[in-house]
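For ligands, and for the atoms within them, numbers begin at 1 and follow the listed sequence.
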Amino acid sequence: MSGNPERQADAGPLAASSPHVPRHIAFIMDGNGRWASSRGLTRTEGHRQGLEALRRIIRHCGTRGIEIATIYSFSTENWSRPEPEVKFLMSLLRRFVQRDLSELHRENIRIRIIGERQSLEPGILKLLQDAEDLTRENTGMDLVVAFNYGSRQEITGAVRKLCEKLAAGDLQASEICEDAISAELDTAGLPDPDLIVRTSGELRLSNFLLWQAAYSEFYFTELMWPDFDEAALDKALESFGSRDRRYGGVTAQAL
Ligand code: IPE
Ligand code: IPE
Ligand code: MG
């Protein structure tokens, strides 16, 4: 997946397979509304600019040799926003898929959707499924779109599925281990995020990848998402590169 020679050729000092480059990076794209209101614009305009930032960041993740980029685009709690804003966010997703899908496909990007699908409007659901189907065989970067996603709901669903298997006699209680739980999450098969970036100065996860973030590194920036650009991403990657990931052990130098 990281073996795209063209991508690596212009990757600069933060080349793929370097320990400074996270294999899996996840973004909590926050601050669109505040970006807009501080400029006297509507929140809608903030979301529109947020989409532009997303396009730039996806491209830049590719040039930096990142294997998997996960984006938090709509949470299960975001339904509580005013209806016109929710409607606009849905239309933006529709536009993103319709307008950008062919380019993402050309870039060999594989799209995967995580989040609760059953309650989505059929049109949106079909769009998301088509995006996954079209790009399924691609071998470049994985773009994981967290849409209608909530980590507690995801974990609850996993517990339910395990209980159903247990009740059907297909699973023993002794077989319930961390891997068995991970395998029932929407992210099954994906490595945990190495780095989680949140923009807008908020210092919380907001129900994002709670299980998967057990040993993730975090990077918080005051920048609002529409202002998060290539240089800002490089800064986050540099910060990541200087971390000592001990996973409960001791630092390599201390051995
Ligand atoms: C992030 O920006 C986009 C979504 C949550 C969909 P916000 O809309 O949360 O912007 P703020 O946090 O209100 O500024
Ligand atoms: C998190 O941002 C969700 C997304 C970025 C999609 P929110 O703006 O919804 O989070 P809170 O409400 O500040 O925690
Ligand atoms: Mg927000």
statement: Per ring-ring contact (aromatic ring centres under 6.0 Å, His included), Y72 is matched among F27, F147, F208 by F208

message: Assigning hydrophobic clusters by single linkage (Ile, Leu, Val, Met, Phe, Trp, Tyr; side-chain heavy-atom cutoff under 4.5 Å), is F228 placed with L237?
response: yes

task: Treating Ile, Leu, Val, Met, Phe, Trp and Tyr as nodes and any side-chain heavy-atom pair under 4.5 angstrom as an edge, say whether Y215 and F220 lie in one connected cluster.
output: no

message: Checking contacts here: is it the side chain or the backbone of M224 that comes within 4.0 Å of ligand 1, counting heavy atoms only? Could be both or neither.
response: neither

- request: Do me a favour and list the nearest non-hydrogen protein atom to atom 6 (C) of ligand 2 with residue, atom name and distance?
  value: Y72 O, 3.3 Å

query: side chain to side chain donor-acceptor pair (under 3.5 Å) with N207: which of R152, Q153, E154?
result: Q153

Any side-chain donor near an acceptor of the partner, W79 and N148, under 3.5 Å: yes

query: Would you call R94-E121 a salt bridge at under 4.0 Å N-O?
result: yes

field: Residue pair T44 / R48, side-chain donor-acceptor N/O under 3.5 Å
entry: no

message: Using a plain distance cutoff, I'd like to know if G33 has any nitrogen or oxygen under 3.5 Å from a nitrogen or oxygen of ligand 1.
response: yes

Atom 2 (O) of ligand 1 [closest protein heavy-atom partner, distance rounded to 0.1 Å]: N32 N, 3.2 Å

- line: Looking at R198, R34, E202, M29, the heavy atom closest to atom 1 (C) of ligand 2 belongs to R198

query: What atoms of ligand 2 come within less than 4.0 Å of a heavy atom belonging to F74?
result: 6 (C)

task: Pick out which of D130, N108, I111, D142 makes a side-chain contact (heavy atoms from CB on, under 4.5 Å) with T135.
output: I111

statement: Contact region, E77 to ligand 1, non-hydrogen atoms below 4.0 Å, reads neither

task: State plainly whether one hydrophobic cluster holds both W225 and F74, where clusters connect Ile, Leu, Val, Met, Phe, Trp and Tyr through side-chain heavy atoms under 4.5 angstrom apart.
output: yes

- request: Give a yes-or-no answer on whether the side chains of S75 and N78 include a donor-acceptor pair shorter than 3.5 Å.
  value: yes

- line: The closest protein heavy-atom partner of atom 14 (O) of ligand 2 is S206 OG, 2.6 Å

- request: Check ligand 1 against N78 and write out every atom of the ligand that is under 4.0 Å from a heavy-atom position of the residue.
  value: 5 (C)

task: Output the list of atoms in ligand 1 that are nearer than 4.0 Å to some heavy atom of R81, sorted by atom number.
output: 5 (C), 7 (P), 8 (O), 9 (O)

- request: Give the atom name of whichever N/O/S atom in D30 sits closest to the Mg ion (ligand 3).
  value: OD1

- prompt: Which of the numbered atoms in ligand 1 are below 4.0 angstrom from a heavy atom of H47?
  reply: 3 (C), 8 (O)

message: Within the 4.0 Å heavy-atom shell around S73, which atoms of ligand 2 are there?
response: 6 (C)

query: Is there a heavy atom in G31 that sits closer than 4.0 Å to ligand 1?
result: yes

field: Protein residue, atom and distance nearest to atom 13 (O) of ligand 2, heavy-atom basis
entry: R204 NH2, 2.8 Å

field: Any protein heavy atom < 4.0 Å from atom 10 (O) of ligand 2
entry: yes

